[in-house]
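Just the heavy atoms: all of them, side chains too, but no hydrogens, waters or symmetry mates, feed the values below.
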Amino acid sequence: MSRKPIIAGNWKMFKTVSEAQSFFSEVKGKAEVEGVESVICAPFTALPALVEAAKGTNIAIGAQNLHFEDNGAFTGEISGVMLADLGVKYVIIGHSERRAYFAESDEIVNKKTHAAFKHGLTPIVCVGEKLEEREADQTKEVCKVQTEAAFQGLSAEQAAQVVIAYEPIWAIGTGKSSTAADAEDVIAYIRGIVAGLYGEATANAVRIQYGGSVKPNNVTEYLGQANIDGALVGGASLEPASYIALVEGAK
Ligand code: 13P
């Protein structure tokens with residue numbers, strides 16, 4: 001089965017509204033390549049302007065988080081209802097920075113994944129091991145636990161639409177990337193986890209990205225691996241030329 005490659009920029013806590021607009025005007029028509037899905041996951045404040053700017057283009061806009069409830073007394077939170085209403089298509093869930101700094105558990109990640117589907121958003125669910133877990137040879141076990149927890153209670157139809165991002169935490173923002181062969185090994189294993197839960201057809205449909213110091217000069221090598229269907233990119237997604245090169249490198 002052929003899976004459409006997906007490059008997603010995760011801007012993290014970068015860019016004001018005007019910076020986002022000027023970025024978009026530079027990538028419009030360029031970070032749009034036949035056969036590649038291009039997604040920009042921006043801070044909440046920039047989403048309305050980006051959704052507006054992205055109309056009529058092949059660039060999708062994503063959020064970086066959502067609350068699992070639709071509404072309520074949750075000061076400072078944003079729900080799936082609100083994101084869907086804006087026209088946002090994707091949402092990153094369970095990024096390691098949210099797990100580490102905002103105490104997001106596997107259970108919360110699962111609730112957020114259900115909330116995304118409830119509102120027609122495609123979740124990009126992040127999994128990945130810490131350095132000490134890698135050194136203790138626990139990479140696969142950590143990814144198994146996180147993946148199984150995230151998928152709990154999803155139908156096979158929903159499961160097939162999830163985008164998983166395998167991001168080894170030690171490779172995020174460090175310039176130390178996993179080798180393509182190591183990333184492929186873990187990602188093939190994660191696909192096997194999905195096969196165990198839902199069968200081969202679903203596992204073959206799920207797209208799995210690698211994330212962690214992906215740059216224009218290494219993206220093609222990752223995407224060349226049999227099981228790697230895209231990249232979730234932080235730092236290198238912030239500059240227009242670099243983002244365009246990432247999308248071009250995925251075709
Ligand atoms: P970098 O590409 O900056 O290493 O960040 C990876 C990441 O965390 C994307 O979600």
Side-chain angles (χ1 to χ4, degrees), residues 3-4 6 8 10-12 37 39-44 47 51 60-129 141-167 169 187 189-209 211 229-230 232:
R3 296 179 293 266
K4 192 172 185 182
I6 174 167
N10 173 12
W11 282 357
K12 307 191 179 185
E37 213 163 330
V39 184
I40 293 168
C41 299
F44 291 129
L47 292 176
V51 168
I61 304 302
Q64 299 170 15
N65 184 28
L66 82 174
H67 194 277
F68 51 80
E69 295 290 352
D70 290 353
N71 43 55
F74 300 106
T75 301
E77 292 292 313
I78 300 285
S79 75
V81 178
M82 298 166 183
L83 296 175
D85 177 59
L86 273 185
V88 165
K89 299 286 181 230
Y90 286 84
V91 59
I92 298 172
I93 295 174
H95 191 279
S96 60
E97 288 149 16
R98 295 216 54 88
R99 293 180 190 256
Y101 308 140
F102 302 96
E104 272 189 20
S105 63
D106 285 339
E107 190 192 347
I108 291 173
V109 170
N110 178 246
K111 284 182 172 177
K112 291 185 172 189
T113 305
H114 281 277
F117 279 116
K118 182 177 175 192
H119 299 293
L121 303 164
T122 298
I124 300 176
V125 175
C126 303
V127 301
E129 81 286 2
E141 184 54 27
V142 168
C143 292
K144 181 176 197 282
V145 168
Q146 291 179 344
T147 304
E148 288 183 346
F151 277 72
Q152 193 142 34
L154 295 185
S155 67
E157 196 194 334
Q158 290 171 329
Q161 293 169 49
V162 174
V163 177
I164 301 174
Y166 166 59
E167 299 204 308
I169 296 169
I187 286 175
Y189 174 79
I190 294 170
R191 196 177 300 289
I193 302 293
V194 179
L197 296 172
Y198 296 96
E200 293 292 333
T202 303
N204 285 335
V206 164
R207 290 182 295 174
I208 311 183
Q209 299 173 309
D229 307 313
L232 183 59

Item to complete: Begin with the C-alpha distance, continue with both residues' side-chain angles, and end with the deciding distance and a verdict on side-chain contact (heavy atoms from CB on, under 4.5 Å) for I169 and E129.
Response: CA-CA 6 Å; I169 296 169; E129 81 286 2; over 6 Å; no
Worksheet item: Are the charged groups of D229 and R191 less than 4.0 angstrom apart, N to O?
Response: yes
Discussion item. Would V125 and V163 count as a side-chain contact (heavy atoms from CB on, under 4.5 Å) here? Give the steps.
Written reply: CA-CA 6 Å; V125 175; V163 177; over 6 Å; no
Fill in: Closest non-hydrogen atom pair between Q209 and L232, with its separation
OE1-CB, 3.7 Å
Worksheet item: For the atom pair CG (L83) and CD1 (I61), what is the distance rounded to the nearest 0.5 Å?
Response: 12.5 Å
Worksheet item: For the residue pair Q161 and E157, what are the closest heavy atoms and their distance?
Response: NE2-O, 3.1 Å
Discussion item. Between E104 and R99, does any side-chain N to carboxylate O distance fall below 4.0 Å?
Written reply: no
Worksheet item: Nearest 0.5 Å, what's the CZ-CZ distance between F68 and F74?
Response: 6.5 Å
Discussion item. I need the minimum non-hydrogen distance between A159 and T202, along with the two atoms involved.
Written reply: CB-CG2, 3.9 Å
Worksheet item: A42 and W11: which non-hydrogen atoms are nearest, and at how many Å?
Response: CB-CE3, 3.6 Å
Worksheet, complete the sentence: Looking only at heavy atoms, the pair that brings A195 and E200 closest together is CB-OE2, 3.9 Å
Discussion item. So for atom CD, which belongs to E107, do other residues, nucleotides or ligands contribute more than 12 heavy atoms lying within a distance under 6.0 Å?
Written reply: no
Worksheet entry | Verdict with supporting geometry, V194 and I164, side-chain contact (heavy atoms from CB on, under 4.5 Å) | CA-CA 10 Å; V194 179; I164 301 174; 4.0 Å; yes
Worksheet item: So H119 and V81, side-chain contact (heavy atoms from CB on, under 4.5 Å) or not? Walk me through it.
Response: CA-CA 6 Å; H119 299 293; V81 178; 3.3 Å; yes
Response to the item:
So CG of L47 and SG of C41: to nearest 0.5 Å the spacing works out to 9.0 Å
Fill in: Spatial distance of atom OG1 (T113) from atom NZ (K111) [nearest 0.5 Å]
12.0 Å
Worksheet item: Looking at side-chain heavy atoms only, is the closest gap between V206 and Y198 below 4.5 Å?
Response: no
Item to complete: Applying side-chain hydrogen bond (donor to acceptor under 3.5 Å, both in side chains), name anything that partners K118, two or more places apart in sequence or on another chain.
Response: D70
Discussion item. A side-chain contact here means heavy atoms from C-beta on lying under 4.5 Å apart; do I78 and H67 qualify?
Written reply: no
Fill in: L154 CG to L197 CG distance, which is reported to the nearest 0.5 Å
9.5 Å
Worksheet entry | Beyond-backbone contact of N65 with F44, side-chain heavy atoms, under 4.5 angstrom | yes
Worksheet entry | Whether over 12 other heavy atoms sit under 6.0 Å from E69 CD | yes
Donor-acceptor pairs are to be reported for all side-chain atoms of residues 144-151 against protein atoms at under 3.5 Å, with residues two or more places apart or in another chain.
{"unit_1": "K144", "atom_1": "NZ", "unit_2": "E148", "atom_2": "OE2", "d": "3.4"}
{"unit_1": "Q146", "atom_1": "OE1", "unit_2": "G128", "atom_2": "N", "d": "2.8"}
{"unit_1": "T147", "atom_1": "OG1", "unit_2": "C143", "atom_2": "O", "d": "2.6"}

Worksheet item: Do the side chains of L66 and I93 get nearer than 4.5 Å, heavy atoms only?
Response: yes
Discussion item. Looking at R207 and I6, would you say the former's side chain and the latter's main chain have a donor-acceptor pair under 3.5 Å?
Written reply: no
Discussion item. Minimum heavy-atom separation for I92 and H95, please, with both atom names.
Written reply: CG2-CB, 4.1 Å
Worksheet item: When rounded to the nearest 0.5 angstrom, what distance separates CD in E97 from SG in C126?
Response: 9.0 Å
Item to complete: Could you tell me whether K12 atom NZ has more than 12 heavy atoms of other residues or ligands within 6.0 Å of it?
Response: yes
